[in-house]
A.B. asks: 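Encoded as C-alpha cells, here's the structure I'll be asking about.
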There are 2 protein chains.
Amino acid sequence: MRSRSTMRDVAALAQVSLKTVSRVVNNEPGVSPALAGQVRTALEQLDYRHNLAASNLRRGQHTLSIGVLLQDVANSFSAAILRAVEDVSRIRGVVVFAASLDEEEERERQLVSNLISRQIDGLLLMPATSDHSYLSHEVRTGLSVVVVDRQVIGLRADCVRVDNRSGARVAVEHLLSHGHRRIAFLSDLPSIETAASRQAGYLDALRSGGVKVDPDYLAVGLRGADVATDAVRSMLGLEQPPTAVFSGRNELTMGAARALRQAGLARSVALVGFDDFTLADSLEPAVTVIQQDVDAEGRLAGQMLLERIAGREGPPREIVLPTTLVPRGSGEIPPP
Amino acid sequence: MRSRSTMRDVAALAQVSLKTVSRVVNNEPGVSPALAGQVRTALEQLDYRHNLAASNLRRGQHTLSIGVLLQDVANSFSAAILRAVEDVSRIRGVVVFAASLDEEEERERQLVSNLISRQIDGLLLMPATSDHSYLSHEVRTGLSVVVVDRQVIGLRADCVRVDNRSGARVAVEHLLSHGHRRIAFLSDLPSIETAASRQAGYLDALRSGGVKVDPDYLAVGLRGADVATDAVRSMLGLEQPPTAVFSGRNELTMGAARALRQAGLARSVALVGFDDFTLADSLEPAVTVIQQDVDAEGRLAGQMLLERIAGREGPPREIVLPTTLVPRGSGEIPPP
DNA sequence: TTGTCGGCAGACAACGTTGTCAGGCGCCTT
DNA sequence: AAGGCGCCTGACAACGTTGTCTGCCGACAA
C-alpha cells in the first residue's frame, strides 16, 4: 500500500518548489503557463490528492463542514430535515456529519465535543438536552449554531420550529367541534420540548372547551409505534373508552391507527395525529393530521446556519412556521 | 469572538512545556500527579478543545471518520442503512459524513474526491456509477471501500447486497402461481444495477412460466411514486389491462397502490412490491412484498468497513443476503 | 549604461499537534 | 563518595499546507 503523494513529491517530480505546486493547485496567479503545465503533469502522474486537513490547519479559515445532530436519521421527519440541509449545503460545497441522538443527552454532548474537535464550522441541532447553555462557549469561539424543531434554552442561537402548542390546540379543537368529549392523548417523553408543548396545547383546548382532563386518557412517555398500539388498546378496554385519539407524533399515530384497525374501530373512533407521514392519505380511513412543512424547516435552518457561518451578525432569529390541519377522514368521525 | 485556546496557551498558563500538556491531554504516562493537576486546571480554565485535525496530521493515523454515500438519505431504505452504519460506527468513535447521490454519477465522483481530501478512513457506497474502477487508486493508497445494495464493478472491494434477480423471480412466480399471465413491471432507471437485476428476474420468471413478454406491461425509468401512479393508471386503460403488477422499488409500489385504489381496483388487481415499507401491512388490502433485512445489510456493511479499516487483509468478500416473500393479501388476489 | 519595475520563483515560518531524544534530578547500590 | 538507574520534563523536528518576504531575471525608460 503506497502512501498518498504530497506537494513535496509533486514538486520534486516537476523540478519546482513546493510553493509553486501550491500555487498551481490553488489556481493562484503568478505561475508561468509553462511551469504550470509541468506541475499539472506531475500532479496527474502522482495522482495527487489535496489534503484539506493540512490546508485548513494552515489557513485557519472555514473547514466547509457542519454537524447535523437529529433525533434519529432513520425517522422520516429527521431524514427529511437532513436531506434539506444537505441540499442547501451542497451548493456551497459544505459537507455534513450526520448523527442520531435518540433523545440521549450524554450522546449529544459527546458528539458535539467530537465534532468541535474536528473543527466544524456550524452545528444544526435537534436537541436532546433541555439546556443548551453548555454551547455558549463554543459559540463565543466561533461555532455557529441553529436549533431546529425545538426551542433554544439558555443560548443565543437561531431557531426554526413550528408552533406546537397552537397546532395541538387546533387538532383537539377540531375533535371537540365534532362533538368529542372523551379525547385521548398519546405523547412521547415529556422531557422533549416538542412533546411537552403539544401536551400543553391539548390541555389548553380541553380547558377552553370546558372538558375535564381525565388522566386515564393520557398516555405519555411512549417511545415507539408498538407502545402506542398497546396504550390505545388498553384505553379501548376502559369502561368509558375515548371516542377520539390525538396522537403527538407520527410514529405514535401509526401505532394508534393499528390499534384502532385491529379493534375494528378505525371507522368509529376519531384520530388526529401531529406530523404528517407517508401513506397517511392511503389508510382506511385516511388519517387527519397536523402538517408541518418539514422541507422548508430544514432548508431554512440550513440557510440560516450557512449565513451565520458566512458572517452574518445580529441577534438570534427565531422562525416559527405555521402548521396546517389536513382533514382526511379519520379526524371527522363523530362520537357514537 | 475569541479564538480557541491551544496547547501552547495552556502550557503558558500552567507554566509547563507544551509537550507536557499534550501528555496530559492524551493520558500518556510520565507526568507527575502534581503537574498533571496543574495542567488540568489550566485546561479547564481556558476551555481547551483538542484539535483533531492537527493531531491526525501529525499522527498520520486514522481520522475515525467515514463517508456514507447513499441514493437519498430521505428515502427510508437509505435512511435505514445510514442509521445502521451510524450505530456500528459510534461504538468505535467513528463519525459519519452522509450524503445523497440521487443517481448522479458526477455527484458521486465529486463527493468522493471531497471526502478523500478530508482524509476519511473509509467509504460506504451505494453507487450511482456503474464502473467503480476510478476508486482503485484510492484503495491502493489506503481507503477502505464497501459497496452496499449494488454490485461492485471493476474494483476489488467488499460488497453487501441481496439477490435481486432471484427475489424478483420469486415475486413474479408467486403471481404466476396464482394464475396471472398479464403481469406488469414497474422499474427505476435501467442504469441502476438493482433495477436491471430485478427486471432480469421478472423476465426469467415469465420465460420459464411460458408467458410472452408484452412491452405494454413494462414501465421503466420511473423516478418516483407519482410517475408510477401515472404509469399504472395508463396501463389500466389498455384494452387488455394487466391483472397483476410487480413493482421494483418501495416508492413505486406506493405509487402503484395509489393508482389501483383510485381506480377502485385495489381488491381485483394483484400487487407485489420489491422492498418492504412502513404501513405496507396497514393498507387495504395489505401489500405483499419481497422483504430484505435492511438493518442487517447496513450493519454488516458497516462492520466490514470498520474491519477493513482496522486492518483486515484478504480478498474482497461479497455477502449476498436472502430476500423473503411476505404474503399479505395484495399479492394473492387471483385474476378475474 | 544604469536604474527601476513587474513578473515569476523559491526560502522560510507558521498552523496545532505528537514522536523522539536528551537532560536533570533524586535515589539506590557498591 | 562515585556511579548508575529510573522517573520526569522539555527542546526540537515533523505532519502537509499556505502567507510573507526576498531575490532573480529580463525589459524598459532615462
Side-chain angles (χ1 to χ4, degrees), chain A residues 2-40 42-43 46-65 114 116-121 141-142, chain B residues 2-40 42-43 46-65 114 116-121 141-142:
Chain A
R2 296 205 331 270
S3 78
R4 217 159 277 169
S5 36
T6 71
M7 285 191 179
R8 176 205 291 277
D9 304 324
V10 177
L13 179 60
Q15 314 230 49
V16 298
S17 85
L18 196 163
K19 177 68 214 196
T20 299
V21 177
S22 168
R23 277 194 262 260
V24 172
V25 167
N26 291 289
N27 284 317
E28 281 175 39
V31 181
S32 69
L35 255 202
Q38 237 178 94
V39 171
R40 266 186 260 274
L43 284 169
L46 294 179
D47 274 309
Y48 173 78
R49 297 286 181 271
H50 195 54
N51 185 333
L52 265 180
S55 177
N56 287 328
L57 177 59
R58 174 61 234 241
R59 289 206 218 248
Q61 306 277 334
H62 293 153
T63 59
L64 295 183
S65 64
N114 189 332
I116 295 279
S117 290
R118 293 170 192 276
Q119 316 295 114
I120 52 169
D121 300 330
T141 54
Chain B
R2 297 207 329 272
S3 77
R4 216 160 276 168
S5 34
T6 71
M7 284 189 180
R8 175 206 291 276
D9 305 324
V10 176
L13 179 61
Q15 314 231 47
V16 297
S17 84
L18 197 163
K19 177 67 214 193
T20 299
V21 177
S22 168
R23 277 193 263 259
V24 172
V25 167
N26 291 288
N27 283 317
E28 281 175 41
V31 180
S32 70
L35 255 203
Q38 241 179 91
V39 171
R40 265 185 261 274
L43 284 170
L46 294 179
D47 273 309
Y48 172 77
R49 297 287 181 268
H50 196 53
N51 184 331
L52 265 180
S55 177
N56 287 327
L57 177 60
R58 172 63 233 239
R59 288 205 218 249
Q61 307 276 333
H62 292 153
T63 59
L64 295 183
S65 64
N114 188 331
I116 295 281
S117 290
R118 292 169 192 277
Q119 316 296 113
I120 52 170
D121 299 330
T141 53

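Just so it is clear: chains get the letters A, B, ... in the order the sequence lines come, proteins before strands, and each one is counted from 1.
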A.B. asks: Measure the shortest side-chain to side-chain distance between B:Arg4 and B:Asn51 over non-hydrogen atoms and say whether it is less than 4.5 angstrom.
C.D. replies: no
A.B. asks: Return the 5'-most residue of the pair A:His50, B:Val16 with respect to DNA chain D, ranking by each residue's nearest nucleotide.
C.D. replies: B:Val16
A.B. asks: Minimum heavy-atom separation for B:His50 and A:Gln119, please, with both atom names.
C.D. replies: O-OE1, 4.3 Å
A.B. asks: Testing the basics here: between A:Ala54 and B:Leu57, what is the closest heavy-atom pair and its distance to 0.1 Å?
C.D. replies: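 Minimum heavy-atom separation between A:Ala54 and B:Leu57: CB-CD1, 4.0 Å.
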A.B. asks: Between which nucleotides of DNA chain D, 5' to 3', does chain B make heavy-atom contacts below 4.0 Å?
C.D. replies: D:dC8 to D:dG16
A.B. asks: Do you know the tightest heavy-atom contact between A:Leu46 and A:Ser5?
C.D. replies: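 Minimum heavy-atom separation between A:Leu46 and A:Ser5: O-OG, 2.7 Å.
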A.B. asks: Quick check for you: to the nearest 0.5 Å, what is the distance between A:Leu52 atom CG and A:Ser65 atom OG?
C.D. replies: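 Interatomic distance, A:Leu52 CG to A:Ser65 OG, rounded to 0.5 Å: 9.5 Å.
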A.B. asks: At under 4.0 Å between heavy atoms, what does A:Gly60 touch on the DNA or RNA strands: base, sugar-phosphate, or nothing?
C.D. replies: nothing
A.B. asks: Without placing hydrogens or testing angles, list every side-chain donor-acceptor pair under 3.5 Å for residues 6-16 of chain A, not counting sequence neighbours.
C.D. replies:
from: A:Thr6; atom 1: OG1; to: A:Arg8; atom 2: N; distance (Å): 3.2
from: A:Asp9; atom 1: OD2; to: A:Thr6; atom 2: N; distance (Å): 2.8

A.B. asks: For B:Met7 and C:dG19, what is the distance between atoms CE and P respectively, to the nearest whole Å?
C.D. replies: 10 Å
A.B. asks: Give, ordered by number, those residues of residues 17-28 of chain A having at least one heavy-atom distance below 4.0 Å to an atom of DNA chain C; if nothing qualifies, reply none.
C.D. replies: A:Ser17, A:Lys19, A:Thr20, A:Arg23
A.B. asks: In terms of the nearest nucleotide of DNA chain D, which residue is placed more toward the 5' end: B:Leu35 or B:Leu57?
C.D. replies: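 Looking at DNA chain D, the more 5' nearest nucleotide goes with B:Leu35.
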A.B. asks: Ignoring hydrogens and angles, tell me if any N or O in the side chain of B:Arg118 forms a donor-acceptor pair with the backbone of A:Thr63 under 3.5 Å.
C.D. replies: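 Judged by distance alone, yes, a pair lies under 3.5 Å.
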A.B. asks: So how far is it from B:Ser55 OG to B:Gln61 CD, rounded to the nearest 0.5 Å?
C.D. replies: 9.5 Å
A.B. asks: Taking for each residue the nucleotide of DNA chain C with the nearest heavy atom, is it A:Arg59 or B:Ser55 whose nucleotide lies nearer the 5' end?
C.D. replies: A:Arg59
